[in-house]
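This report concerns only the one structure given below.
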There are 2 protein chains.
Amino acid sequence: MAARTTSGPCQAWPEESGFIREVLDRIGDKWTVLVISTLAGGPMRYSDLQASIPGISQRMLTVTLKALERDGLLLRTAYPEIPPRVEYELTDLGRSLLTSVKALAAWAATHHEDVAANRRAHEQTGVGREKARTTSPEGSRAR
Amino acid sequence: MAARTTSGPCQAWPEESGFIREVLDRIGDKWTVLVISTLAGGPMRYSDLQASIPGISQRMLTVTLKALERDGLLLRTAYPEIPPRVEYELTDLGRSLLTSVKALAAWAATHHEDVAANRRAHEQTGVGREKARTTSPEGSRAR
DNA sequence: CGGAATCCTTGTCGATACTG
DNA sequence: CAGTATCGACAAGGATTCCG
């Protein structure tokens with residue numbers, strides 16, 4: 001966990017911040033994680049992916065797919081047949097990322113209620129103008 | 001690595017995808033994770049945060065801080081003194097998220113070299129034209 | 001010191017149309 | 001079927017300025 005606890009004004013973390021930014025720039029967009037998750041069940045064709053991800057456009061599917069392929073997270077296999085058939089499949093690298101992503105999903109599943117509760121509490125206390133609260137009355141509500 | 005369950009043809013993800021989107025919308029932006037990471041060492045003042053996060057503007061620091069406070073991930077404490085002093089501190093909820101985020105950072109630290117290598121390989125193979133691999137001419141899975 | 005309000009530059013995403 | 005190309009809409013982010 002934290003390298004130093006209650007050490008005061010600590011700053012300038014090592015280099016983790018750079019790594020975090022890297023992975024966030026990659027999966028932080030709207031569709032990447034959805035594509036990876038959908039591909040978790042095995043190889044899929046382009047049209048299957050589009051059908052399985054409601055709301056995605058051809059453009060974004062293509063862009064996301066190409067970015068993931070470029071980074072070695074998924075493998076594209078085109079069969080020179082007619083009609084043309086292309087399959088996408090996660091690589092080992094892609095699956096390892098999926099594991100980490102699922103950890104985040106687990107966090108969300110566990111705590112999204114707390115987040116929603118805190119948000120509602122805040123909307124009541126200080127909608128958008130009144131925030132002249134010197135100290136926070138309530139706050140940490142972990143379970 | 002137990003990704004595929006008896007090789008299902010398609011996906012049909014439960015509802016985890018929704019949770020993933022939730023958390024990604026929250027931490028997927030440019031600064032949120034950086035703020036949380038910086039706050040991992042203990043309470044910090046506004047100006048300390050700004051000094052510890054190179055490149056962040058006052059605006060983005062304020063916006064990020066308010067969003068995190070609203071969701072109950074950090075606690076804001078204002079001391080009515082002069083000069084005014086405000087401290088920000090992670091809540092238990094915030095720290096639990098930090099743990100999950102660090103898992104992602106660990107993935108990045110472990111695999112970012114592989115990603116970079118794959119990316120370079122791709123630039124050579126098919127820079128701007130024709131990268132059809134047509135590998136594995138096997139009918140591994142068709143319908 | 002710790003913000004809020006404003007403006008403006010970008011990158012990102014979505015819809016549409018066209019090609020192989 | 002499986003993309004590619006182009007345009008426009010939108011919102012995140014940055015710089016600046018002012019207030020408590």
Side-chain angles (χ1 to χ4, degrees), chain A residues 9 21 24-35 39 43-70 74-89 126-136, chain B residues 21 24-35 38-39 43-70 74-89 126-134 142-143:
Chain A
R21 273 278 90 230
L24 241 38
D25 283 340
R26 198 158 318 283
I27 70 169
D29 65 90
K30 200 173 181 181
W31 302 109
T32 296
V33 172
L34 255 38
V35 169
L39 243 21
M44 291 181 72
R45 302 178 56 169
Y46 184 91
S47 45
D48 290 335
L49 278 168
Q50 190 170 13
S52 298
I53 306 177
I56 196 171
S57 60
Q58 295 87 338
R59 177 179 128 86
M60 290 321 293
L61 181 54
T62 301
V63 168
T64 304
L65 248 22
K66 290 181 76 168
L68 287 173
E69 187 199 4
R70 193 192 59 166
L74 67 77
L75 181 66
R76 178 185 187 271
T77 308
Y79 300 92
E81 322 167 330
I82 37 181
R85 185 163 60 96
V86 180
E87 283 194 346
Y88 294 91
E89 181 180 17
V127 177
R129 310 159 66 83
E130 187 61 45
K131 52 168 178 244
R133 50 210 324 212
T134 55
T135 54
S136 302
Chain B
R21 272 277 90 229
L24 240 40
D25 283 340
R26 197 159 319 284
I27 70 169
D29 65 90
K30 200 173 180 180
W31 302 109
T32 296
V33 172
L34 255 38
V35 169
T38 305
L39 242 24
M44 291 181 73
R45 302 179 55 171
Y46 184 90
S47 45
D48 290 336
L49 279 168
Q50 190 170 13
S52 298
I53 305 177
I56 197 172
S57 61
Q58 296 87 340
R59 180 178 126 85
M60 290 320 295
L61 181 55
T62 300
V63 167
T64 303
L65 249 20
K66 290 182 77 171
L68 287 173
E69 186 200 4
R70 194 191 57 165
L74 67 77
L75 181 66
R76 177 185 187 270
T77 309
Y79 300 93
E81 322 167 332
I82 37 178
R85 184 164 60 96
V86 180
E87 283 194 345
Y88 295 90
E89 181 180 16
V127 176
R129 189 74 203 166
E130 192 56 43
K131 42 74 187 307
R133 302 178 56 116
T134 64
R143 23 179 269 128

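Below, read A as the first sequence line, B as the second, and so on, with proteins coming before strands; counting in each chain starts at 1. Being a predicted model, the structure only gives us computed values, none of them experimental.
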**Fill in**
Heavy-atom contacts, protein to nucleotides 15-20 of chain C, under 4.0 Å, summarised as B (base), S (sugar-phosphate only) or - (none) per nt, yield BB---B
Identify which nucleotide among [options] has an atom closest to any side-chain atom of [X], counting heavy atoms from C-beta outward.
| X | options | result |
| --- | --- | --- |
| A:D29 | D:dG13, D:dG3, C:dC13 | C:dC13 |
| B:M60 | C:dG2, C:dG14, D:dG13 | D:dG13 |
| B:W31 | D:dG13, C:dG14, D:dA2 | D:dG13 |

**Message:** Checking B:R85 now: which residues fulfil salt bridge (Lys or Arg N to Asp or Glu O under 4.0 Å) with it, not counting sequence neighbours?
**Reply:**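 Here the qualifying residues are B:E81, B:E87.
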**Partner set under salt bridge (Lys or Arg N to Asp or Glu O under 4.0 Å) for B:R26, not counting sequence neighbours** =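 B:R26 satisfies salt bridge (Lys or Arg N to Asp or Glu O under 4.0 Å) with B:D71 once adjacent residues are dropped.
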**Item:** Below 4.0 Å: OP1/OP2 of C:dG2 and any side-chain N or O of B:R45
**Value:**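 For C:dG2, OP1 or OP2 has a side-chain N or O of B:R45 closer than 4.0 Å.
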I need the [atom1]-[atom2] distance between [X] and [N], as an integer number of Å.
| X | N | atom1 | atom2 | result |
| --- | --- | --- | --- | --- |
| A:M44 | D:dC1 | CE | P | 14 Å |
| A:E87 | D:dG3 | CD | P | 11 Å |
| B:I53 | D:dG14 | CD1 | C1' | 15 Å |
| B:R85 | D:dG20 | CZ | C1' | 18 Å |
| A:L65 | D:dA2 | CG | P | 11 Å |
| B:L61 | D:dA12 | CG | P | 17 Å |
| A:Q50 | D:dT4 | CD | C1' | 14 Å |
| B:L49 | C:dG2 | CG | P | 10 Å |

**Request:** Classify the nucleic acid contact of A:T62 as base, sugar-phosphate or nothing, counting any heavy atom under 4.0 Å across all strands shown.
**Result:**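 Counting heavy atoms under 4.0 Å across all strands, the contact made by A:T62 includes a base.
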**Message:** Side chains of A:I56 and A:L34, heavy atoms from C-beta outward: is any pair under 4.5 Å?
**Reply:**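 Contact flag for A:I56/A:L34 side chains = no.
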Grab the two heavy atoms, one from [X] and one from [Y], that are nearest each other, plus how far apart they are.
| X | Y | result |
| --- | --- | --- |
| A:D29 | B:R21 | O-NH2, 3.0 Å |
| B:M44 | B:S52 | CE-OG, 3.4 Å |
| B:R45 | B:P84 | NH2-O, 3.9 Å |

**Request:** For A:L65 and A:L49, run side chain to side chain contact (heavy atoms under 4.5 Å, CB included): C-alpha distance rounded to whole Å, both residues' side-chain angles, the deciding distance at 0.1 Å, then the answer.
**Result:** CA-CA 10 Å; A:L65 248 22; A:L49 278 168; 4.1 Å; yes
**Those residues that, when tested against B:T64, pass side chain to side chain donor-acceptor pair (under 3.5 Å) (two or more places apart)** =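 With sequence neighbours excluded, B:T64 shows a side chain to side chain donor-acceptor pair (under 3.5 Å) to no residue whatsoever.
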**Request:** Kindly calculate the angle separating the two end axes of the helix from C:dC1-D:dG20 to C:dG20-D:dC1, each obtained from five base pairs, and round it to 10 degrees.
**Result:**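 It comes to 40° between the two terminal axes.
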**Prompt:** So which one's nearest nucleotide on DNA chain C is more toward 5', B:Y46 or A:K30?
**Reply:**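 Per heavy-atom nearest nucleotide, the more 5' residue is B:Y46.
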**Message:** A:T62: which residues meet the side-chain contact (heavy atoms from CB on, under 4.5 Å) condition with it, sequence neighbours left out?
**Reply:**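 Testing A:T62 for side-chain contact (heavy atoms from CB on, under 4.5 Å), a comparison that skips the adjacent residues, returns A:Y46, A:K66.
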